[in-house]
Asks: 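Input: one structure, supplied below.
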Amino acid sequence: MARPQDVLEGQRSRDYYRSIFLEADTDKSGYLTFNEFAAALKRKGYSGTPENLLVYFKQVDTSDDNRVSLPEFLKAMELLPARDHLSALMRYNFRQFDENKDGRIDRNELDQVFLALGKHVSTEDLDRIMKEASRSGAGALNYEEFIALICPNI
């Protein structure tokens with residue numbers, strides 16, 4: 001599970017952003033095309049329409065060569081508000097735990113969340129948490145309910 005401190009703190013954040021770039025640079029050219037750039041941001045939980053991502057890509061491409069270098073990428077990522085990074089991280093983690101990809105975290109998936117956080121939760125407590133956290137009464141948590149449970153101060 002990606003941790004907020006890895007995304008929001010100094011050198012660790014630069015290392016995290018660098019890892020996003022290197023993973024996205026599939027042809028190992030040292031640059032990201034728009035497709036690599038957009039796919040990487042989406043994969044890591046950043047939101048935006050294709051049009052918005054294209055505008056952002058053009059802003060990041062300060063050399064105006066239709067590709068983004070590592071220094072351009074790092075600078076751009078550091079300029080995004082911390083809230084954008086935290087939101088992306090939470091979306092990314094939600095998708096990682098949504099094993100059946102139905103857009104909800106069910107009881108078994110929530111148990112895996114707690115285990116990843118190093119917490120053992122009894123069956124009774126897990127049932128109680130699901131009942132209280134699932135405002136929709138669906139027996140599973142949607143993204144908003146998941147965020148309210150994991151990060152109630154966001």
Asks: Apply ring pair (Phe, Tyr, Trp, His ring centres under 6.0 Å) to Phe21 and list each qualifying residue two or more places apart in sequence or on a separate chain.
Replies: Phe73
Asks: For the hydrophobic clusters of this structure (ILVMFWY residues joined by side-chain heavy atoms under 4.5 Å, transitively), does one cluster hold both Tyr17 and Leu22?
Replies: yes
Asks: So how far is it from Met130 CE to Leu149 CG, rounded to the nearest 0.5 Å?
Replies: 9.0 Å
Asks: Any salt bridge linking Arg67 with Glu36? Criterion: basic side-chain nitrogen under 4.0 Å from a carboxylate oxygen.
Replies: no
Asks: Could you tell me if the side chain of Leu110 sits less than 4.5 Å from the side chain of Val121, heavy atoms only?
Replies: no
Asks: Got a second to check how far Ile105's CD1 is from Ser134's OG, nearest 0.5 Å?
Replies: 12.0 Å
Asks: Begin from the C-alpha positions of Leu53 and Lys42 and carry the test side chain to side chain contact (heavy atoms under 4.5 Å, CB included) through to its verdict.
Replies: CA-CA 9 Å; Leu53 289 172; Lys42 286 288 194 183; 3.8 Å; yes
Asks: About how many Å separate NZ of Lys44 and CE of Met77, when rounded to the nearest 0.5 Å?
Replies: 10.5 Å
Asks: Measuring from Thr123:OG1 to Asp111:CG, what's the distance to the nearest 0.5 Å?
Replies: 7.5 Å
Asks: Using only heavy-atom distances, determine whether the side chains of Glu78 and Ser13 contain a donor-acceptor pair under 3.5 Å.
Replies: no
Asks: Please report the C-alpha distance between Arg128 and Glu124 in whole Å, then the side-chain angles of each, then the deciding distance to 0.1 Å, and finally whether the salt bridge (charged side-chain N to carboxylate O under 4.0 Å, His left out) criterion is met.
Replies: CA-CA 6 Å; Arg128 181 185 50 76; Glu124 296 79 22; over 6 Å; no
Asks: Search all heavy atoms of Asp25 against all heavy atoms of Gly30 and return the closest pair with its distance.
Replies: OD2-N, 2.8 Å
Asks: What residues form a salt bridge (Lys or Arg N to Asp or Glu O under 4.0 Å) with Arg107, not counting sequence neighbours?
Replies: Asp127
Asks: Leu89 versus Asn93: any side-chain heavy-atom pair under 4.5 Å?
Replies: yes
Asks: In terms of hydrophobic clusters joined by side-chain contacts under 4.5 Å, are Val68 and Ile20 together?
Replies: yes
Asks: I'd like to know whether Arg18 forms a salt bridge (charged side-chain N to carboxylate O under 4.0 Å, His left out) with Asp15, so could you lay out the CA-CA distance, the side-chain angles of the two residues, the decisive distance to 0.1 Å, and finally the verdict.
Replies: CA-CA 5 Å; Arg18 180 177 283 108; Asp15 292 343; 3.5 Å; yes
Asks: List the atom of Glu99, the atom of Gln112, and the distance in Å for their closest heavy-atom pair.
Replies: OE2-CG, 4.1 Å
Asks: Go through the steps to decide whether Tyr143 and Asp98 satisfy the test side chain to side chain contact (heavy atoms under 4.5 Å, CB included), and finish with yes or no.
Replies: CA-CA 10 Å; Tyr143 175 72; Asp98 181 16; over 6 Å; no
Asks: Roughly how far, to the nearest 0.5 Å, is the CG atom of Asp61 from the CG atom of Leu54?
Replies: 10.5 Å
Asks: Give, for atom CD of Glu72 and atom OG of Ser69, the distance between the pair rounded to the nearest 0.5 Å.
Replies: 3.5 Å
Asks: Side chain of Lys101, backbone of Arg95: donor and acceptor closer than 3.5 Å?
Replies: yes
Asks: Would a hydrophobic clustering, with Ile, Leu, Val, Met, Phe, Trp and Tyr connected at side-chain separations under 4.5 Å, put Leu117 with Leu126?
Replies: yes
Asks: Test Asn142 against Glu145 for side chain to side chain contact (heavy atoms under 4.5 Å, CB included), laying out the working first.
Replies: CA-CA 5 Å; Asn142 63 30; Glu145 292 165 337; 3.3 Å; yes
Asks: Could you walk me through whether Glu23 and Arg43 pass the salt bridge (charged side-chain N to carboxylate O under 4.0 Å, His left out) check?
Replies: CA-CA 11 Å; Glu23 180 182 319; Arg43 189 171 39 255; 3.1 Å; yes
Asks: If Ile, Leu, Val, Met, Phe, Trp and Tyr residues are connected whenever their side-chain heavy atoms lie under 4.5 Å apart, and connections chain through other members, are Leu74 and Leu41 in the same group?
Replies: yes
Asks: Are Tyr16 and His85 close enough that a side-chain donor and a side-chain acceptor fall under 3.5 Å?
Replies: no
Asks: Do Leu141 and Phe94 have side-chain heavy atoms sitting under 4.5 Å apart?
Replies: no
Asks: May I ask you to decide if Ala140's main-chain N or O and Asp106's side chain share a donor-acceptor pair within less than 3.5 Å?
Replies: no
Asks: Does the side chain of Asn35 pick up a donor-acceptor pair with the side chain of Thr33 at under 3.5 Å?
Replies: no
Asks: Are Arg104 and Phe146 side-chain neighbours, meaning at least one heavy-atom pair lies under 4.5 Å?
Replies: no
Asks: Within the structure provided, determine whether Asn66 and Phe34 are in side-chain contact (heavy-atom separation under 4.5 Å).
Replies: no
Asks: Where do Leu80 and Tyr56 land on the side chain to side chain contact (heavy atoms under 4.5 Å, CB included) test, with the steps shown first?
Replies: CA-CA 11 Å; Leu80 281 177; Tyr56 187 52; 3.5 Å; yes
Asks: Is it the case that atom NZ in Lys28 sees more than 12 heavy atoms from other parts of the structure closer than 6.0 Å?
Replies: yes
Asks: Quick one: closest heavy-atom pair of Ala148 and Arg135, and the distance?
Replies: CB-NH2, 3.1 Å
Asks: The criterion is side-chain hydrogen bond (donor to acceptor under 3.5 Å, both in side chains); which residues satisfy it with Glu109, sequence neighbours excluded?
Replies: none
